[in-house]
Amino acid sequence: MRIAELLAHGERNVEVTAKGWVRTKRGNKNVAFIALNDGSTIHNIQVVAETAAFDETLLKNITTGACLKVTGLLVDSPASGQPVEIQARTIEIYGLADPESYPLQKKGHTLEFLREIAHLRPRTNTFGAVFRIRHAMAYAIHKYFNDRGFYYWNSPLITASDAEGAGAMFRVTTLAPGETDFNEDFFGRPTNLTVSGQLEGELAAMALGQIYTFGPTFRAENSNTPRHLAEFWMVEPEMAFYEIEDNMNLAEDFIKYLVNYALEHCADDLAFLEKMYDAELTERLRFVTANDFVRLTYTEGVKILEEARDTKGVKFEFPVFWGADLAAEHERYLVEQHFRRPVIMTDYPKEIKAFYMKQNEDGRTVRGMDVLFPKIGEIIGGSEREADYDKLVARMDEMGVPTETMQWYLDTRRFGSAPHSGFGLGFERLVLFVTGMTNIRDVIPFPRTPKNAEF
Ligand code: ATP
Ligand code: MN
């Protein structure tokens, strides 16, 4: 049985076996108390070993990080804070962990240090909690969409199009350094790692109705921030017959569902993270599930920011004016200072948004929407898509997006076009929000960032 089960409903006074890694050992000359963890829960099970009953070397070798198999009676624990403990009858050491060289000792380590040993950090309480929550969120995403009749769709990771211009791309090639003839390359043309699965997702929505992708995406931006990774996971639902309003409703309902799922299913791990890192964590999560998101247009948002600057003396590092691409500081001012609630901003100037967004009547704005979150900034970016073939082609020409190589995409508008919408949720930004961690490198097992591809 896994330790989570033993703690939750293990039968008393029955012999049980537990296997796991030693977190701590303490005691005196008569008895050793070993805290054992197997990853199934944030909680350890206490193993009580009478020293007289065990070989001295064996007990000495039970050090932090060692892996054990313990058999013994499960009994009510006299100690507070734990329901049961195991009175050890036999202990087998699967693997030693030399205290001289095992880097994870009992004392707490900084998150920065733990990033340097990302291969071992899952064995800490913090990363156990984070990665269990990450798993729960992935499961909840699939459940949410499956329960609502969406199909899981897989867009390719290797692509020949830089359609979206969402970010700089990583080249995929088998050419040797110096070789420049792409005819000789593996695919016979330049290819890259995808920055988004959206365009292929749109093809699927125009056939299956409602789909979502959930996979890795890659951006070679040299942005060394606590919110950007070079390799990150994105969730991209795409829905036929959805207009921007429906898209906003889905995005809000989806995030609330996920946060609620974490509150219901990850209570122990959240309580640990709250105690260790972020005293307002669950309060913030509850707040998000309980309140409507503010909805406002970009134009209204810019007005609020200009007023804050001109009449309230708020200082921004980057300029605010109609047409500016809002920076994280602006988004966070609106969310954290002005509204104190998540915000869905819509109707952006067309110049700062992608070519595929539906153009508004005013000729200046497009039906894009960003969901802005406290502590995170942009957590979702989406839009209603331009469904009209001629308008789409005109916009692509204006923006220098090649239409010849994009015929496959334009075919959705040539044959049976329909209103449709979708959005992209950055999975790690969601996990950042839900765990209360502050650096995106701490919510993905092996972060890829500029100058770092360790492990
Ligand atoms: P930002 O302005 O924060 O760089 P973006 O506008 O470039 O993001 P989109 O292209 O709209 O991002 O991607 C959709 C979502 O993917 C974003 O809302 C965000 O949650 C997430 N995301 C984008 N870039 C990254 C990245 N480099 N690392 C992690 N998540 C990202
Ligand atoms: Mn965006």
Side-chain angles (χ1 to χ4, degrees), residues 134 137 141 155 159 162-170 193-199 201-202 212-238 244 247-248 250-252 254-255 258 293 298 301 318 324-332 334-335 342-357 366-385 421-435 437-450 452:
R134 185 181 163 104
M137 290 296 88
I141 285 163
S155 290
T159 97
D162 170 22
E164 199 188 349
M169 296 195 291
F170 290 100
L193 291 177
T194 186
V195 294
S196 157
Q198 177 198 320
L199 300 187
E202 283 186 55
Y212 68 105
T213 72
F214 183 8
T217 47
F218 307 87
R219 296 188 186 179
E221 294 154 298
N222 202 358
S223 40
N224 240 317
T225 80
R227 297 175 304 114
H228 288 90
L229 292 163
E231 175 181 300
F232 64 100
W233 287 62
M234 194 148 43
V235 184
E236 296 179 276
E238 189 74 35
I244 189 72
N247 205 24
M248 286 194 269
L250 183 75
E252 181 167 345
F254 178 48
I255 297 206
L258 296 175
F293 295 2
Y298 168 91
F318 296 97
D325 199 355
L326 298 183
E329 56 171 346
H330 306 130
E331 299 173 342
R332 290 184 63 170
L334 291 172
V335 171
V343 168
I344 309 183
M345 192 180 272
T346 55
D347 301 291
Y348 287 80
K350 62 180 181 185
E351 285 76 20
I352 59 171
K353 289 291 183 189
F355 71 90
Y356 50 69
M357 295 192 183
V366 290
R367 281 192 202 165
M369 60 169 221
D370 283 1
V371 181
L372 311 176
F373 253 47
K375 298 239 171 200
I376 306 291
E378 182 185 327
I379 192 164
I380 280 180
S383 66
E384 181 172 343
R385 319 305 188 189
S421 301
F423 59 82
L425 166 75
F427 184 54
E428 283 75 20
R429 296 212 184 152
L430 170 79
V431 181
L432 260 185
F433 180 73
V434 170
T435 58
M437 302 302 280
T438 52
N439 193 312
I440 201 163
R441 292 164 182 77
D442 296 332
V443 297
I444 188 167
F446 300 103
R448 266 69 180 111
T449 50
N452 175 40

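Note that ligands are numbered from 1 as they come in the structure, with each ligand's atoms numbered from 1 the same way. Along the sequence shown, residues are numbered consecutively beginning with 1. Remember, predicted model here, so these are calculated numbers, not experimental data.
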Peer 1: Hey, does the side chain of Glu252 reach the backbone of Phe293 with a donor-acceptor pair shorter than 3.5 angstrom?
Peer 2: yes
Peer 1: Under 4.0 Å from any heavy atom of Met234, which atoms of ligand 1 are there?
Peer 2: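 Numbered from 1, ligand 1 contributes 13 (O), 14 (C), 15 (C), 16 (O).
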Peer 1: Could you see which bit of Val195 sits under 4.0 Å from ligand 1, with heavy atoms only: side chain, backbone, both or neither?
Peer 2: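 The answer is neither; Val195 stays 4.0 Å or more away.
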Peer 1: Looking only at atom types and distance, does a side-chain atom of Glu329 sit under 3.5 Å from a main-chain N or O of Phe318, one as donor and one as acceptor?
Peer 2: yes
Peer 1: Working to the nearest 0.5 angstrom, can you tell me the gap between Ile376 CD1 and Arg227 CZ?
Peer 2: 8.0 Å
Peer 1: Give every protein N, O or S atom lying under 2.8 Å from the Mn ion (ligand 2), naming each by residue and atom.
Peer 2: Glu378 OE2
Peer 1: Which value, rounded to the nearest 0.5 Å, describes the distance between Glu238 atom CD and Gln198 atom CD?
Peer 2: 5.5 Å
Peer 1: Identify, by atom number and element, the atoms of ligand 1 in contact range of Arg227, meaning under 4.0 Å from any of its heavy atoms.
Peer 2: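 Contacts of ligand 1 toward Arg227, numbered from 1: 28 (N), 29 (C).
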Peer 1: Ignoring hydrogens and angles, state whether a donor on the side chain of Glu202 or Tyr356 is under 3.5 Å from an acceptor on the partner side chain.
Peer 2: no
Peer 1: I want to know if ligand 1 touches Phe232 in the polar sense, i.e. an N/O pair below 3.5 angstrom.
Peer 2: no
Peer 1: Applying a 4.0 Å heavy-atom criterion (strictly less than), which segment of Arg429 is in contact with ligand 1: side chain, backbone, both, or neither?
Peer 2: side chain
Peer 1: With a cut-off of 4.0 Å, which atoms of ligand 1 are near a heavy atom of Ile379?
Peer 2: 18 (O), 20 (O)
Peer 1: Heavy atom under 4.0 Å from ligand 1: found in Glu378's side chain, backbone, both, or neither?
Peer 2: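 For Glu378, the contact with ligand 1 is made by both the backbone and the side chain.
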Peer 1: Using a strict cut-off of 4.0 Å, indicate which atoms of ligand 1 neighbour a heavy atom of Gly381.
Peer 2: 18 (O)
Peer 1: Against heavy atoms of Arg219, which atoms of ligand 1 measure under 4.0 Å?
Peer 2: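 Under 4.0 Å from Arg219, ligand 1 has these atoms: 5 (P), 7 (O), 9 (P), 10 (O), 12 (O), 13 (O), 23 (C), 24 (N).
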Peer 1: Under 4.0 angstrom from ligand 1, any heavy atom of Ile440?
Peer 2: yes
Peer 1: Quick one: do His228 and Glu428 satisfy side-chain contact (heavy atoms from CB on, under 4.5 Å)? Show the steps, please.
Peer 2: CA-CA 9 Å; His228 288 90; Glu428 283 75 20; over 6 Å; no
Peer 1: So how far is it from Lys353 NZ to Asp347 CG, rounded to the nearest 0.5 Å?
Peer 2: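 Reported value, rounded in 0.5 Å steps: 11.0 Å.
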Peer 1: Between Tyr298 and Tyr348, how do the two ring planes meet: parallel, tilted or perpendicular, split at 30° and 60°?
Peer 2: tilted
Peer 1: Okay, side chain of Asp370, backbone of Leu372: is any donor-acceptor separation there less than 3.5 Å?
Peer 2: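 Answer holds: no.
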Peer 1: Students often mix this up, so state it plainly: with edges at 30° and 60°, are the rings of Phe423 and Phe254 parallel, tilted or perpendicular?
Peer 2: tilted
Peer 1: Would you give the length of the straight line joining atom CD1 of Ile344 to atom CE of Met369, rounded to the nearest 0.5 angstrom?
Peer 2: 6.0 Å
